[in-house]
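To start, the structure under review is shown below, and the notes come after it.
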Amino acid sequence: MKIESGLDGWLRYAELPTESRKTAQHYSSIIVLDKNETSPVYTAGKELQEGLNRILGQRVDIDFELTSQSSSSVVVGTLDSFSAAGGNIKDIPALKEDGFWLDTHADNNCTRIIGQNERGAIYGAFEYLMRLAQGNFAPVASANNPSAPIRWVNQWDNLDGSIERGYAGLSIFFRDGEVVDDMTRVAQFARLLSSIRVNAVVVNNVNANPKLFSETNLDGLRRIADAMRPWGVRIGISLYFDSPKEFGGLPTSDPLDLAVNDWWKEITAKLYEKVPDLVGYTIKANSEGQPGPLTYQRTLADGANMFARALKPHGDGIVMYRAFVYNHHLDESVWEHDRANAAVDYFKELDGEFDDNVIVQIKWGPIDFQVREPPSPLLANLRKTKAAIEFQVAQEYLGQQSHFVYMAPLWREILDFDMRIDGKASHIRDIVSGERLGWNRSGYTTVLNVGSDTTWIGHHLSLSNLYAYGRIAWNPIADPVSIVQEWTRLTFGLDKTVVDTITKISMKSWPTYENYSGNLGIQTLCDIIYTHYGPSPGSQDGNGWGQWTRANAHSIGMDRTVATGSGNSGQYPPEVAARYENIETTPDNLLLWFHHVPYTHRLKSGKTVIQHFYDAHYEGAANAQTFPVEWAKLKGLIDDHRFEHVAFKLQYQAGHALVWRDSVNYFYFAKCGIPDEKKRVGNHQWRIEAESMELSGYKVVSVTPAEAASGGKAIITKSNDAPGSAQKELPFPSGTYDIAVNYYDHLGGRAKYEIFLEEKLIGAWTGDLEDRLGHDFSEYLDGHSATRVTFCGIKVKKGDLLKIVGQPDGSELAPLDYVSVLPEGIID
Ligand code: GCU
């Protein structure tokens with residue numbers, strides 16, 4: 001099977017089997033109702049030509065005239081161009097902005113793809129090709145309309161080429177302070193976005209750099225927009241609030257200062273000269289140290305409206321003003337303090353004060369893209385001010401594309417939530433579509449971390465999240481199972497085992513990750529001070545960031561009730577507020593989000609909170625072990641390159657899931673002292689601690705946080721240039737075992753390891769995950785760097801000598817935590 005890099009994503013247009021091709025409609029021409037090469041309609045024609053050739057082996061010429069003789073053609077155009085060419089548009093149902101009509105069995109054996117606008121035309125062409133690529137030739141005559149006009153993505157790319165929360169190489173837009181020269185990847189990205197009907201991309205980090213306004217970069221933005229326009233994708237930019245001061249040399253950036261307003265008007269006019277269809281601005285202000293209107297004692301609306309007024313004269317550009325405004329120096333000792341209250345506290349009273357072209361961009365949950373949160377209450381508190389929901393395809397708190405989490409089920413759960421505004425059905429999907437409150441412009445955006453890697457986001461499976469985002473933003477009731485099946489057929493082929501296996505792993509992935517990372521609404525228990533990746537439950541509390549758990553020796557959870565807590569439940573409309581205020585009606589999976597309870601509190605399931613933690617972590621980690629096993633069934637059914645990439649990542653995830661399980665369980669066991677009813681936590685019968693081995697050239701160290709090491713300790717070599725060895729006679733009965741080694745792989749070097757049984761080499765590995773995983777890494781021995789390697793099917797005799805030799809490299813001192821000698825069926 002031919003090697004595939006993943007660069008084409010789901011748009012591979014793999015050739016269908018000959019049998020199936022034969023039954024396809026045969027076309028004599030593609031009639032493209034726009035000759036202009038920069039038009040998405042023209043691009044749609046080229047894409048159809050390419051797709052028909054690759055999928056069906058049909059070489060079809062392009063024509064630009066529609067005549068009454070045109071038969072067996074694919075016609076692509078807009079309502080206007082089709083009707084101007086004499087086409088009959090009477091029977092086409094009403095199309096919304098960006099919508100399209102696809103009729104595969106029109107008169108004269110034609111297929112008609114008619115967009116409400118140019119974007120609609122290209123969306124229709126992709127829809128048709130993606131049906132064909134799945135071997136779906138069923139006739140269709142249907143109008144497709146988007147749920148909402150705003151369907152954006154936000155890249156968090158920095159001008160130096162790095163990407164905030166990016167795990168797939170460098171930026172495709174920027175390098176060394178400037179826009180890159182080569183626009184190849186930019187156009188390829190636009191093609192992917194267009195096929196999932198995303199109509200705009202904000203190209204730079206919300207933590208923005210004003211140097212984006214240099215002459216060279218303004219021209220660079222022009223080149224980016226030019227490369228994306230033929231695909232119907234518009235660009236927007238994130239602004240740094242203090243640009244007038246920092247870049248423009250003004251004494252202030254006060255939004256009510258006339259000179260400041262003029263400065264923004266001028267820069268906006270300059271931008272529009274370069275990018276006449278600029279889609280707008282994204283603003284992060286008064287958030288996490290960023291300046292903003294509050295810095296100048298003005299309201300957030302004053303700030304947003306300043307940008308809105310600069311955009312207004314130039315067309316339909318909008319300001320996406322982020323509701324992610326909060327104080328990150330909050331004092332935890334005050335029981336009522338609560339970061340989750342911030343968005344409503346700041347924005348509710350400003351409802352109606354924002355100009356018509358301002359949209360408030362709201363993260364889906366009140367805190368920050370955790371593994372589970374309730375929906376943001378702000379989504380139910382704006383009536384006159386329009387809103388967009390912000391998702392995060394980047395798996396910042398969900399395993400950073402080193403773990404796989406398919407997020408469509410999570411997004412659906414949020415969008416299906418009924419806020420009961422004024423006691424009436426108010427599903428979030430209907431709020432953000434604009435329907436519920438009568439908004440004319442609202443919708444969706446997502447943080448995305450596409451990079452220069454050919455996998456686009458660092459994990460071939462995680463790319464399904466981008467696909468699903470587009471599908472759901474278009475149709476929020478799209479089924480997550482169908483979405484992933486469709487994506488799999490397009491990405492990996494039509495084989496049933498492939499489709500079923502990937503669907504199974506995907507649908508299990510979110511509950512699995514939730515089980516081993518953070519339960520009952522306690523949030524993802526990762527290190528929130530450092531890289532947001534590996535486990536560090538203690539890092540949530542004792543700082544100003546407000547991602548607190550308030551865990552002590554007896555009890556845990558945020559009291560967000562009105563009666564005794566922060567009052568956050570009261571920010572929801574009355575019916576929802578009542579449900580969350582009352583512990584009896586709060587669902588178990590959000591219990592600790594809303595209530596502070598003893599570890600012995602009994603859940604609706606009958607378990608105590610602490611036992612649920614222990615069990616969920618064991619269950620989640622056990623589930624993660626099944627992923628590489630399931631995946632292994634696909635060997636030979638997909639190309640080796642992508643097979644190996646995913647196999648490696650899933651294997652790594654399975655090992656790190658055990659690190660998560662043990663860290664979280666140790667932490668809470670140490671805190672509350674309540675033992676696991678099933679006697680697993682702290683009791684590892686098949687484990688040999690590295691510190692209990694006979695050491696030479698190695699020394700014992702304490703690990704911080706202690707729960708990131710089995711027994712709180714690990715070993716490192718005594719120097720950074722001489723190897724160390726750790727050995728032990730195995731006390732286990734003779735038999736065949738899997739031997740797993742838990743070690744630490746951190747930045748600063750690539751240590752080498754060899755493992756011997758009775759002086760016979762049974763395995764070797766290198767601590768080079770920083771090269772292979774691509775996520776935010778750590779310099780220390782901790783929950784990020786803790787990892788596992790496993791050697792399977794090793795025959796062991798009781799008393800055999802097991803020896804590990806570690807060769808340090810740089811500051812990586814070949815650290816080891818423990819060895820597990822696992823009989824078949826046991827994973828510990
Ligand atoms: C998170 C993330 C930051 C990001 C911020 C935002 O806090 O960790 O990297 O800047 O969200 O959304 O602005």
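Indexing begins at 1, ligand by ligand and atom by atom, following the structure's order. This chain uses plain numbering: 1 for the first residue, then up along the sequence.
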(message) I'd like to know if the side chain of Tyr167 pairs up with that of Asn449 as donor and acceptor (distance under 3.5 Å, no hydrogens or angles considered).
(response) no
(request) Establish, from distance only, whether the side-chain atoms of Tyr516 and His403 form a donor-acceptor pair under 3.5 Å. (result) yes
(request) Can you establish whether the number of heavy atoms outside Lys245 located under 6.0 Å from its atom NZ is more than 12? (result)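 Yes.
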(request) Using non-hydrogen atoms of the residue, decide whether Trp156 is closer than 4.0 angstrom to ligand 1. (result) yes
Nearest to [atom], what protein heavy atom do you find, and at what distance?
atom	value
atom 1 (C) of ligand 1	Asp368 OD2, 3.1 Å
atom 9 (O) of ligand 1	Glu164 OE2, 2.3 Å
atom 5 (C) of ligand 1	Glu288 OE1, 3.3 Å

(message) With a heavy-atom distance limit of 4.0 Å, tell me whether Phe324 approaches ligand 1 through its side chain, its backbone, both, or neither.
(response)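 Only the side chain of Phe324 comes within reach of ligand 1.
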(request) May I ask you to identify, for Asn207, whether its side chain, its backbone, both or neither come under 4.0 Å of ligand 1 on a heavy-atom basis? (result)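 Answer for Asn207: side chain.
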(request) Would you verify whether the NZ or CZ of Arg339 falls within 45 degrees of the ring axis of Trp545 while also being under 6.0 Å from that six-membered ring's centre? (result) no
(message) Whether Arg165 engages the ring of Trp156 as a cation-pi pair (distance to the six-membered ring centre under 6.0 angstrom, angle to the ring normal within 45°) should be assessed.
(response) no
(message) Please report whether ligand 1 has a polar contact with Glu396, defined as an N or O pair separated by less than 3.5 Å (distance criterion only).
(response) yes
(message) Regarding ligand 1, does Tyr326 bring an N or O atom to under 3.5 Å of one of the ligand's N or O atoms?
(response)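 No - when backbone and side-chain N and O of Tyr326 are compared with those of ligand 1, no distance drops under 3.5 Å.
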(request) With atom 11 (O) of ligand 1 as the reference point, say which of Lys363, His532, Gln547 has the nearest heavy atom. (result)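 Checking each option, the heavy atom nearest atom 11 (O) of ligand 1 is found in Lys363.
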(request) Please state whether the rings of Tyr321 and Phe354 are parallel, tilted or perpendicular, taking 30° and 60° as the class boundaries. (result) tilted
